[in-house]
Amino acid sequence: KKGTSAKQIKFCNYQDFLGIGHASGFSSIVVPGSGEPNFDTMESNPYETGKQRKEAEVHSLLEKLSPDMISLQSKSIGAIDTASEKVKEEEKKQLRLELEEKLNKKLKRKNKARGRSKVGSQVRASAKHDLERLRQKNKDVLEREFNQKVKEEEVVEKDLKFLNEADKKFDPIDAYLDYS
């Protein structure tokens, strides 16, 4: 606007817009060609905020430190190690031996599941076991029913056999006839 002084001016990143803060409020104008058409590909996040930039810098500095420099004991930070070189070398050798032992333990061949420990495989296996249990249960029930029917048939056959033999032995007409 005419007659107002600009308080703050800022470009939008990678765009052709210019934001202007003035006494009457805020205005934005288009400035063709001012935005960078291709942002820097070497930059990890071109849109990062100041806080993100600081956090990334702290992470990069921490990555530069060797792990033996990091300590949770705050008293040891300003202290000087007064041990002799021989003691330091012995400690390093001991540490190396412990690390080698750990590596050797890790290098032992493991039983590889080769996909057997995946969730889908476990679900399939449990479903298969459930089906096998159900089949076995049904098979047992059918076998019991079959055995029961066989026993019933045997009982019926025995009863019929007994009745047939009893019929031959006992004839009511024989009571009236005298065979003597």
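All values below come from the heavy atoms of this structure, side chains included, with hydrogens, waters and symmetry mates left out.
- How far CD of Glu55 is from CD of Glu57: 11.0 Å, rounded to the nearest 0.5 Å.
- Atom CD of Glu85 and atom NZ of Lys92 lie 8.0 Å apart (nearest 0.5 Å).
- Here CG of Leu134 is found 14.5 Å from NE2 of His129. Values are rounded to the nearest 0.5 Å.
- More than 12 heavy-atom neighbours from other residues, nucleotides or ligands sit within 6.0 angstrom of CD on Glu132.
- Put simply, the side chain of Val30 reaches to within 4.5 Å of the side chain of Phe17, judged on heavy atoms.
- The number of heavy atoms from other shown groups lying within 6.0 Å of NZ (Lys54) does not exceed 12.
- Atom CZ of Phe26 sits in a crowded spot, with more than 12 heavy atoms from other residues, nucleotides or ligands closer than 6.0 Å.
- Minimum heavy-atom separation, Ser5 to His22: O-CB, 3.3 Å.
- Within the model, atoms CD of Glu152 and CG of Asn147 stand 11.5 Å from one another, a figure rounded to the nearest 0.5 Å.
- Put simply, CD1 on Ile9 and CD1 on Ile20 are 5.5 Å apart, with the number rounded to the nearest 0.5 Å.
- Checking side-chain atoms of Gln52 against main-chain N and O of Thr49 turns up a donor-acceptor pair under 3.5 Å.
- Residues Val31 and Asp16 fail the side-chain proximity criterion, which asks for heavy atoms closer than 4.5 Å.
- Rounded to the nearest 0.5 Å, atoms OG (Ser84) and NZ (Lys88) are 8.5 Å apart.
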Hey, mind stepping through Asp140 and Lys137 against salt bridge (Lys or Arg N to Asp or Glu O under 4.0 Å) and telling me if it holds? CA-CA 5 Å; Asp140 292 342; Lys137 184 179 176 183; over 6 Å; no
